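This report refers to the structure that appears directly beneath it.
Given the structure is predicted, the values throughout are model-derived calculations rather than measurements.
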Amino acid sequence: MPPIQRLYNACKTSFTTNGPVSEEALEKVRALLDKIKPSDLGLEQEAQLVRQWNGPMHERNGNSHSLPPIKYLHLHECDSFSIGIFCMPPSSVIPLHNHPGMTVLSKLLYGTLYVRSYDWVDFPVPTVSSQVRPAKLVKDMEVTAPCGTTVLYPTSGGNIHCFKAISPCAIFDILSPPYSSEDGRHCTYFRRSPMKDLPGILQMDGVTVSDIAWLEEFQPPDNFVIRRGVYRGPVIRT
């Protein structure tokens, strides 16, 4: 049985419309995703090219219009979970975005990626604009494949995150339950608020919380494009 089929079968028994049935079930999916390689997904050629990649010939000076678009390879979606792969060219960015009420398993298949993630801080902010919310920094680092699977929970683990591709790279994502505007799971994009004098440290119930960023909703720029790519790996039997 192809590894992707085994992973799909585990997802089918582990996820419901409310997310993972248990922590054990989630761990079973994570263990299988940990073993997935680019060659299991028809991406061996792309992964091979990354191994020979020596970096850009010159800096693009922010001319992002010339960047090839990010591609999304759709593998499966049902009411309980979705499976897909984001293929990112170097210097491309997926802006800060959330996964409301969702559990996300994410694995870098090949390449190097810069990741920054946050979780909301439940803090009353009557004196600050209602447009901004405090969030605590969870991760701010470069990640290179091969590496383990990351799990983001609805309120922990870095549910709000952004990616910047250092080299060509691919991210395998399982979302449970998937995005659904009808069910209130809409993908919202954020940025750090340009407002001045917002505290970087908060006192909550006598505890000091540092690394605070104040986030506000925003519309990504017009040149942020995700196109549908073609999945060339083994067919999943549903």
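The NE2 atom of H99 sits 9.5 Å away from atom CD1 of I160, with the distance rounded to the nearest 0.5 Å. A distance of 11.5 Å separates CG in L96 from CD in E217, rounded to the nearest 0.5 Å. Rounded to the nearest 0.5 angstrom, S92 OG and N223 CG are separated by 11.0 Å. The distance from atom NZ of K28 to atom OG of S22, rounded to the nearest 0.5 Å, is 9.5 Å. Going from atom OH of Y118 over to atom NZ of K136 covers 11.0 Å, rounded to the nearest 0.5 Å. Taken from CG in L43 to CG in L49, the straight-line distance is 11.0 Å, to the nearest 0.5 Å.
Applying the salt bridge (charged side-chain N to carboxylate O under 4.0 Å, His left out) definition to pairs two or more places apart or across chains, those involving residues 42-51 are E44-R51. The stretch residues 80-107 participates, sequence neighbours left out, in no salt bridge (charged side-chain N to carboxylate O under 4.0 Å, His left out) pair at all.
Across all their heavy atoms, M1 and N9 have their closest contact at SD-ND2, 3.6 Å. The two residues L175 and M102 have their closest heavy-atom pair at CD2-CE, 3.5 Å. Among all heavy-atom pairs drawn from I212 and R192, the shortest one is O-NH2, 4.3 Å. Closest approach of L152 and T150 over heavy atoms only: CD2-CG2, 3.8 Å. Of all non-hydrogen atoms in S176 and T16, the two that sit nearest each other are OG-O, 3.7 Å. Among all heavy-atom pairs drawn from L41 and I36, the shortest one is CD1-CG2, 3.6 Å.
Side chains of D40 and P2 form no contact here, defined as non-hydrogen atoms less than 4.5 Å apart. Using a 4.5 Å heavy-atom cutoff, the side chains of Q5 and R237 are in contact. Residues P168 and P90 form a side-chain contact, since some pair of their non-hydrogen atoms from C-beta on lies under 4.5 Å apart. By the 4.5 Å heavy-atom criterion applied to side chains, N18 and P177 are not counted as neighbours.
Residues passing the side-chain contact (heavy atoms from CB on, under 4.5 Å) test with Q45: none are found, sequence neighbours excluded. F163 meets the ring-ring contact (aromatic ring centres under 6.0 Å, His included) test with H161; sequence neighbours excluded.
Counting only distance, with no hydrogens or angles, the side chain of H186 and the backbone of G184 share no donor-acceptor pair below 3.5 Å. E142 places no side-chain N or O within 3.5 Å of a backbone atom of L113 that could act as its donor or acceptor partner. Of the possible polar contacts, none joining the N159 side chain to the N98 backbone as a donor-acceptor pair under 3.5 Å is found. A distance-only check finds a donor-acceptor pair linking the side chain of R30 to the backbone of T149 [under 3.5 Å]. A distance-only check finds no donor-acceptor pair linking the side chain of S193 to the backbone of L215 [under 3.5 Å]. A donor-acceptor pair under 3.5 Å is absent between the side-chain atoms of R191 and the main chain of E216, judged by distance alone.
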Which pairs of donor and acceptor atoms, one on a side chain in residues 77-88, lie under 3.5 Å apart (sequence neighbours left out)?
none

Quiz: residues 69-76 side-chain donor-acceptor pairs under 3.5 angstrom, not counting sequence neighbours:
none

After noting the C-alpha distance and the side-chain angles of D173 and L105, does the key distance pass the side-chain contact (heavy atoms from CB on, under 4.5 Å) rule?
CA-CA 6 Å; D173 265 357; L105 292 97; over 6 Å; no
Between W120 and F190, does the ring pair (Phe, Tyr, Trp, His ring centres under 6.0 Å) criterion hold? Intermediate values first, please.
CA-CA 12 Å; W120 293 121; F190 298 91; 5.2 Å; yes
Please walk me through it: do F224 and Y189 pass ring pair (Phe, Tyr, Trp, His ring centres under 6.0 Å)?
CA-CA 12 Å; F224 171 60; Y189 291 93; 5.7 Å; yes
Run the side-chain contact (heavy atoms from CB on, under 4.5 Å) check on I94 and C162 step by step: do they pass?
CA-CA 6 Å; I94 297 179; C162 60; over 6 Å; no
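A single hydrophobic cluster is not seen to contain both I171 and V225; linkage of ILVMFWY side chains at heavy-atom distances under 4.5 Å, directly or through other members, places them apart. Residue I174 is grouped with residue L26 when hydrophobic side chains (ILVMFWY) are merged at heavy-atom distances under 4.5 angstrom, including chains of intermediate members. In the hydrophobic clustering of this structure, W214 groups with V121; members are Ile, Leu, Val, Met, Phe, Trp, Tyr whose side-chain heavy atoms approach within less than 4.5 Å, directly or through other members. No continuous path of hydrophobic side-chain contacts links V151 to V115 [ILVMFWY only; heavy atoms under 4.5 Å]. In the hydrophobic clustering of this structure, F172 does not group with V104; members are Ile, Leu, Val, Met, Phe, Trp, Tyr whose side-chain heavy atoms approach within less than 4.5 Å, directly or through other members.
D119 and S156 form no side-chain donor-acceptor contact under 3.5 Å, judged by distance and modelled atom types alone. The closest side-chain donor-acceptor pair between R6 and Y8, if any, does not fall under 3.5 angstrom.
Taking the six-membered ring for Trp, W53 and Y110 have ring centres at least 6.0 Å apart.
Heavy atoms from other residues, nucleotides or ligands lying under 6.0 Å from CD of E182 number 12 at most.
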